[in-house]
There are 2 protein chains.
Amino acid sequence: MSTQDRLIESTRALLWERGYVGTSPKAIQQHAGAGQGSMYHHFSGKPELALAAIRRTADELRALAEQQFSGPGTALERVAAYLRRERDVLRGCPVGRLTQDPDVMADPELRRPVDETFAWLRERLAQVLAEGVERGELTGLDPVATASTVMAVLQGGYVLARAAGSTAPFEQAVDGVLALLATHAA
Amino acid sequence: MSTQDRLIESTRALLWERGYVGTSPKAIQQHAGAGQGSMYHHFSGKPELALAAIRRTADELRALAEQQFSGPGTALERVAAYLRRERDVLRGCPVGRLTQDPDVMADPELRRPVDETFAWLRERLAQVLAEGVERGELTGLDPVATASTVMAVLQGGYVLARAAGSTAPFEQAVDGVLALLATHAA
DNA sequence: GTCTATAAGTTGATAGAC
DNA sequence: GTCTATCAACTTATAGAC
């Protein structure tokens with residue numbers, strides 16, 4: 001892995017763990033095993049490095065989600081696969097985390113990948129649910145509203161788990177929404 | 001309002017907006033119109049001030065929620081009242097926000113009010129739902145899992161709204177879960 | 001490409017005057 | 001109680017040698 005790549009990967013890890021405000025260029029350099037001059041040679045500063053890191057994280061998250069959405073099974077089974085995919089629940093969502101970072105949300109460039117990722121997820125989930133309705137697998141639900149609900153359960157589940165220091169509330173929240181959805185399965 | 005109170009209120013506002021890591025004693029002093037010596041006279045430092053602020057915010061949140069939980073109407077109506085209560089959605093939840101603050105979660109004292117608030121909310125919501133089941137207003141749902149789901153929709157709704165820079169995804173998520181719950185109303 | 005030196009500003013806090 | 005002075009460490013860079 002190149003120094004440039006190590007810098008991006010280190011920024012990704014620190015952004016996830018400590019957020020943008022809590023991540024200093026010095027910490028990134030130490031984590032990447034790179035000197036100060038090296039970092040400023042490859043990137044103009046903290047914002048450019050963060051942008052590269054955020055884009056990579058967003059791309060990865062979309063690719064992972066698409067695996068579940070385009071996988072086998074009914075719409076409900078694919079939504080369940082998405083929600084129950086193996087996750088590091090206590091670390092939270094690396095993209096959702098950024099919404100709490102005022103300096104990220106204040107910068108249109110840094111903010112865009114976050115906005116776009118969630119918009120794509122909502123549309124893709126709504127598509128999956130609409131397919132389920134179309135095929136008669138699901139009845140009596142609004143795909144668009146339900147897509148937002150499913151995503152909110154995921155993002156909120158992370159919050160509850162971190163507050164409790166336990167994955168239990170996350171799992172309960174997922175079980176709860178899947179039980180509610182099961183009522184609408186044909 | 002006393003200087004001590006102004007310092008606590010300023011810390012509450014800044015903690016909500018910028019988080020613990022992003023809030024400096026200097027910023028608190030400026031916001032409160034207090035000098036450095038004054039701040040260190042009333043509080044031993046940033047952690048003690050944050051603890052006072054977090055406790056006050058947590059107490060307020062519980063009191064507000066209890067208004068909806070103990071209000072009039074069926075279980076489902078009270079859950080809907082809670083979810084649809086007037087909120088500053090784009091600012092997010094002042095308690096949920098703290099779960100993304102590594103320095104808060106690493107300190108057992110600062111963390112406790114966050115943990116306790118969410119635990120209390122989950123139990124209280126489960127109670128309301130269990131009452132609904134008991135009274136025959138709701139059928140075929142698990143009060144404990146559903147309580148976690150409802151809270152997750154709320155916390156996740158904030159995340160989606162901030163990502164989108166719009167309250168729309170929050171409202172969709174709430175509408176979606178209430179529609180799912182309505183299926184279980186007698 | 002990577003290194004060291006330097007710098008202006010901030011952070012979180014202490015000391016002591018008033 | 002509140003103020004100013006001071007502090008060591010850190011933040012986010014820039015400059016220039018190698």
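Because the structure is predicted, anything quoted here is derived from the model rather than measured. Convention: sequence-line order gives letters A, B, ...; per-chain numbering from 1.
- Here H31(B) pairs with S10(B), A13(B), L14(B) under the side chain to side chain contact (heavy atoms under 4.5 Å, CB included) rule; sequence neighbours left out.
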Let me see the working for R56(A) and D5(A) under salt bridge (Lys or Arg N to Asp or Glu O under 4.0 Å), right down to the final yes or no.
-> CA-CA 11 Å; R56(A) 195 177 281 190; D5(A) 254 32; 3.2 Å; yes
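- Residues passing the ring pair (Phe, Tyr, Trp, His ring centres under 6.0 Å) test with F118(A), sequence neighbours excluded: none.
- Between the P atom of dA15(C) and the CE atom of M39(B) lies a distance of 15 Å, rounded to the nearest Å.
- In this structure, L181(A) CG and L76(A) CG are separated by 6.0 Å, a value rounded to the nearest 0.5 Å.
- Applying the ring-ring contact (aromatic ring centres under 6.0 Å, His included) definition to pairs two or more places apart or across chains, those involving residues 147-182 of chain A are Y158(A)-F170(A).
- A cation-pi arrangement is present between R87(B) and Y82(B), with the terminal nitrogen or guanidinium carbon under 6.0 Å from the aromatic centre and inside a 45° cone about the axis.
- Straight-line distance from the CZ atom of R18(B) to the C1' atom of dT11(C): 14 Å, rounded to whole Å.
- Every residue meeting the salt bridge (charged side-chain N to carboxylate O under 4.0 Å, His left out) condition with E66(A), not counting sequence neighbours, appears here in chain and number order: R124(A).
- Comparing the helix axis at one end of the helix from dG1(C)-dC18(D) to dC18(C)-dG1(D) with that at the other, each defined from 5 consecutive pairs, gives an inter-axis angle of 0° (nearest 10°).
- A cation-pi geometry, defined here as NZ or CZ lying under 6.0 Å from the six-membered ring centre and within 45° of its normal, does not hold between R97(B) and W16(B).
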Reading nucleotides 2-18 of chain D from the 5' end, what letters show protein touch, with B for base, S for backbone sugar-phosphate only, - for no heavy atom under 4.0 Å?
-> BBBB-----SBBB----
